Amino acid sequence: AQSVTQLDSHVSVSEGTPVLLRCNYSSSYSPSLFWYVQHPNKGLQLLLKYTSAATLVKGINGFEAEFKKSETSFHLTKPSAHMSDAAEYFCVVRLRGGGKLIFGQGTELSVKP
Amino acid sequence: DSGVTQTPKHLITATGQRVTLRCSPRSGDLSVYWYQQSLDQGLQFLIQYYNGEERAKGNILERFSAQQFPDLHSELNLSSLELGDSALYFCASSAGGLEETQYFGPGTRLLVL
């Protein structure tokens, strides 16, 4: 069965410092992986997606993620946090051959001034 | 703005009642997905429609039903509401292919009292 585990429920960083949000996946085959962001009282916005092309995926707002098959990881990073990055981030896997998305439990990112 | 619209934004109702949530997909998208976000269950896939037909079912209760109309908008019907149905309900749409990216609407927040 496919699943994702977000290793931290909450991450706090200072503005201008790097961001690392960790995600491990479980899949019998090469998965499609996504990161979505949810700002308070807003819908879900796609940050980036991996669909078996380049293993380093660049997304919006300076975020990127690296697919590491050997570690079954898809961690999200950003070199320098901005106050507007404070939000909930979801690592998501899509079932092969289907549209159903499976969401991780989410990581809340706080950014301190 | 993802291009997916949902109405209403907020809904307050009583136990035992029935409500209808509406979703209009992005222009040209044939697939519509419904998800439920609650504090205890996180984000869960409910059901998917493609061009008017049910394509996949997730953790959708029998008290819940959905349909997609010829103009491709979709409705999620929730009946015999219970306190535990209080949640944020998201609709997402995609072009139609199984590998397509899903774009999410802003959600409908349902509160059952």
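Naming convention: chains lettered A, B, ... in sequence-line order (proteins, then strands); numbering from 1 in each chain. Everything quoted here is computed from the prediction, not taken from an experiment.
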Query raised in the report: Are B:Tyr50 and B:Val4 co-members of a hydrophobic cluster defined by side-chain heavy atoms under 4.5 Å apart?
Result: no
Query raised in the report: How many angstroms lie between CZ in A:Arg94 and OG in B:Ser94, if you round to the nearest 0.5 Å?
Result: 8.0 Å
Report summary line: Counting heavy-atom pairs under 4.5 angstrom with chain B, the leader among A:Gly106, A:Gly104, A:Gly43 is A:Gly43
Report summary line: In this structure, OH of A:Tyr36 is separated from CG of B:Leu43 (nearest 0.5 Å) by 10.5 Å
Query raised in the report: Among the clusters formed by ILVMFWY side chains lying less than 4.5 Å apart, do B:Tyr49 and B:Ile60 turn up in the same one?
Result: yes
Query raised in the report: Should the heavy atoms of other residues, nucleotides or ligands under 6.0 Å from CZ of B:Arg26 be counted, would the total exceed 12?
Result: yes
Requested in this report: Grab the two heavy atoms, one from A:Leu101 and one from B:Phe45, that are nearest each other, plus how far apart they are.
Outcome: O-CB, 4.0 Å
Query - Which atoms of A:Leu46 approach chain B - backbone, side chain, both or neither, heavy atom under 4.5 Å - result: side chain
Query raised in the report: How long is the span from the CZ atom in A:Phe34 to the CD atom in B:Gln102, to the nearest 0.5 Å?
Result: 7.5 Å
Query raised in the report: With a cut-off of 6.0 Å (strictly less than), are more than 12 heavy atoms of other residues, nucleotides or ligands near CG of B:Leu39?
Result: no
Query raised in the report: So which heavy atom on A:Gln38 is nearest to which on B:Leu88, and how close?
Result: NE2-CD2, 3.9 Å
Query - Side chains of A:Lys100 and B:Ile47 in contact at under 4.5 Å (non-hydrogen atoms) - result: no
**Report entry** Co-membership, hydrophobic cluster, residues B:Leu78 and B:Leu61, 4.5 Å side-chain
**Finding:** yes
Query raised in the report: Side-chain heavy atoms under 4.5 angstrom apart, residues restricted to Ile, Leu, Val, Met, Phe, Trp, Tyr: same cluster for A:Leu109 and A:Met83?
Result: yes
